[in-house]
Amino acid sequence: AAEAANLYLDSAMDSEARSRANVEVGDFFSMDAPGSFQLGYDCTFLCAIPPASRQAWASKWAELLAEGGELVTLIFPVKSSSESGADPADTPLEGPGGGPPYAMSPKLVKFLLESAGFEQHSLEQVPSA
C-alpha cells in the first residue's frame, strides 16, 4: 500500500512538493524523529491500539510534530454517550467493550490530545453516505 501511495504522489505532485512528502510503513511508537513533521494524519489508527496505549499515542504525536505542526485525525467507530449511557472518554485507558476496533468519541480524543499539549481547532462530523 505504501508503494502504491508513493507512486500516486509521484504523479500528483510537483517535484518540490514531492521532495517533502513520503508514505512509509513502520512502528509508530518506536519512530525516532522528534519534531520532524509539519502535518500528521491519523486515519483510524487510535481505534486499533489497546486502550492502555492511548496516552502513549498522544504523547508520540506531540513528540513527532514540529512546533506549530498540525494533527488531523479521523476516528471510528464513533460512539456517543447517548447510545450506551457511557462515553469512551469515561474510562480512557480501559475502553468499553471489545476491540479492535475500540469505541471512540470526540470527547475521548480531545481528552487524550489536550493532555499531551494539543489544542483543538476544528471538529467536523463526516456526513453519512
Side-chain angles (χ1 to χ4, degrees):
E3 183 178 340
N6 281 311
L7 287 172
Y8 172 77
L9 293 177
D10 289 342
S11 67
M13 301 174 88
D14 65 51
S15 60
E16 182 184 340
R18 180 66 179 104
S19 71
R20 297 186 316 268
N22 193 42
V23 176
E24 296 181 21
V25 175
D27 180 348
F28 173 77
F29 292 103
S30 65
M31 188 174 215
D32 185 21
S36 295
F37 301 96
Q38 291 295 323
L39 176 66
Y41 179 60
D42 193 295
C43 182
T44 67
F45 173 46
L46 179 59
C47 72
I49 62 174
S53 298
R54 289 174 174 171
Q55 286 181 318
W57 167 86
S59 296
K60 191 64 175 184
W61 271 121
E63 173 192 319
L64 292 173
L65 290 173
E67 188 172 333
E70 294 191 20
L71 175 62
V72 176
T73 63
L74 177 63
I75 62 170
F76 171 86
V78 177
K79 190 168 208 168
S80 70
S81 56
S82 61
E83 291 175 38
S84 66
D87 188 288
D90 295 339
T91 54
L93 302 181
E94 298 170 23
Y102 296 96
M104 299 281 104
S105 73
K107 181 180 173 184
L108 170 65
V109 177
K110 183 175 181 176
F111 166 77
L112 293 168
L113 291 174
E114 286 183 349
S115 297
F118 286 90
E119 178 182 320
Q120 179 180 309
H121 291 279
S122 176
L123 173 64
E124 297 178 29
Q125 184 171 343
V126 176
S128 351

For a quick test of your reading: what N or O donor-acceptor pairs under 3.5 Å do the side chains of residues 10-21 make, sequence neighbours left out?
from: Asp10; atom 1: OD1; to: Arg18; atom 2: NE; distance (Å): 2.7
from: Asp10; atom 1: OD1; to: Arg18; atom 2: NH2; distance (Å): 3.3
from: Ser11; atom 1: OG; to: Tyr8; atom 2: O; distance (Å): 2.9
from: Asp14; atom 1: OD1; to: Glu16; atom 2: N; distance (Å): 3.0
from: Asp14; atom 1: OD1; to: Ala17; atom 2: N; distance (Å): 2.8
from: Arg18; atom 1: NH1; to: Ala21; atom 2: O; distance (Å): 2.2
from: Arg18; atom 1: NH2; to: Asn6; atom 2: O; distance (Å): 3.3
from: Arg18; atom 1: NH2; to: Asn6; atom 2: OD1; distance (Å): 3.1
from: Ser19; atom 1: OG; to: Glu16; atom 2: O; distance (Å): 2.6
from: Arg20; atom 1: NH1; to: Glu16; atom 2: O; distance (Å): 3.3

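- Shortest non-hydrogen contact noted between Leu113 and Ala58 is CD2-CB, 4.1 Å.
- Closest non-hydrogen pair, Pro77 versus Pro101, comes out as CD-CB, 3.6 Å.
- Listed by chain and residue number, nothing satisfies the side-chain hydrogen bond (donor to acceptor under 3.5 Å, both in side chains) test with Gln125 (two or more places apart in sequence, or in another chain).
- Partners of Asp27 by side chain to side chain contact (heavy atoms under 4.5 Å, CB included), not counting sequence neighbours, listed by chain and number: Phe29, Ser30.
- Take Glu114 and apply the side chain to side chain contact (heavy atoms under 4.5 Å, CB included) test, not counting sequence neighbours, and it matches Lys110.
- Cluster membership check: Phe37 does not share its hydrophobic cluster with Leu9, using side-chain heavy-atom separations under 4.5 Å among Ile, Leu, Val, Met, Phe, Trp and Tyr.
- Partners of Ala2 by side chain to side chain contact (heavy atoms under 4.5 Å, CB included), not counting sequence neighbours, listed by chain and number: Val23, Val25.
- Taking CD of Glu119 as the start and CG of Leu71 as the end, the distance is 13.5 Å to the nearest 0.5 Å.
- Taking both residues in full, the closest heavy atoms of Pro106 and Ile75 are given as N-CD1, 3.8 Å, listed atom of the first, atom of the second, then distance.
- Across all non-hydrogen atoms, the minimal contact from Tyr102 to Arg54 is CB-NH2, 3.5 Å.
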Q.
Between Leu112 and Gln55, is the side-chain contact (heavy atoms from CB on, under 4.5 Å) condition met? List the steps.
A. CA-CA 6 Å; Leu112 293 168; Gln55 286 181 318; 4.1 Å; yes
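- Leu123 shares a hydrophobic cluster with no other residue; no ILVMFWY side chain has heavy atoms under 4.5 Å from its own.
- Closest heavy-atom contact between Ala66 and Gly35: CB-O, 3.4 Å.
- Under the 3.5 Å distance criterion, the side-chain polar atoms of Ser36 are matched with a main-chain donor or acceptor of Ala33.
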Give every donor-acceptor pair under 3.5 Å between a side-chain atom in residues 38-50 and any protein atom, sequence neighbours left out.
from: Asp42; atom 1: OD1; to: Phe45; atom 2: N; distance (Å): 3.3
from: Asp42; atom 1: OD2; to: Trp57; atom 2: NE1; distance (Å): 2.7
from: Asp42; atom 1: OD2; to: Trp61; atom 2: NE1; distance (Å): 2.8

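- For the salt bridge (Lys or Arg N to Asp or Glu O under 4.0 Å) condition, the pairs that include at least one residue of residues 56-72, sequence neighbours left out, are Lys60-Glu63.
- Using modelled atom types, no side-chain atom of Ser53 and backbone atom of Ala56 make a donor-acceptor pair closer than 3.5 Å.
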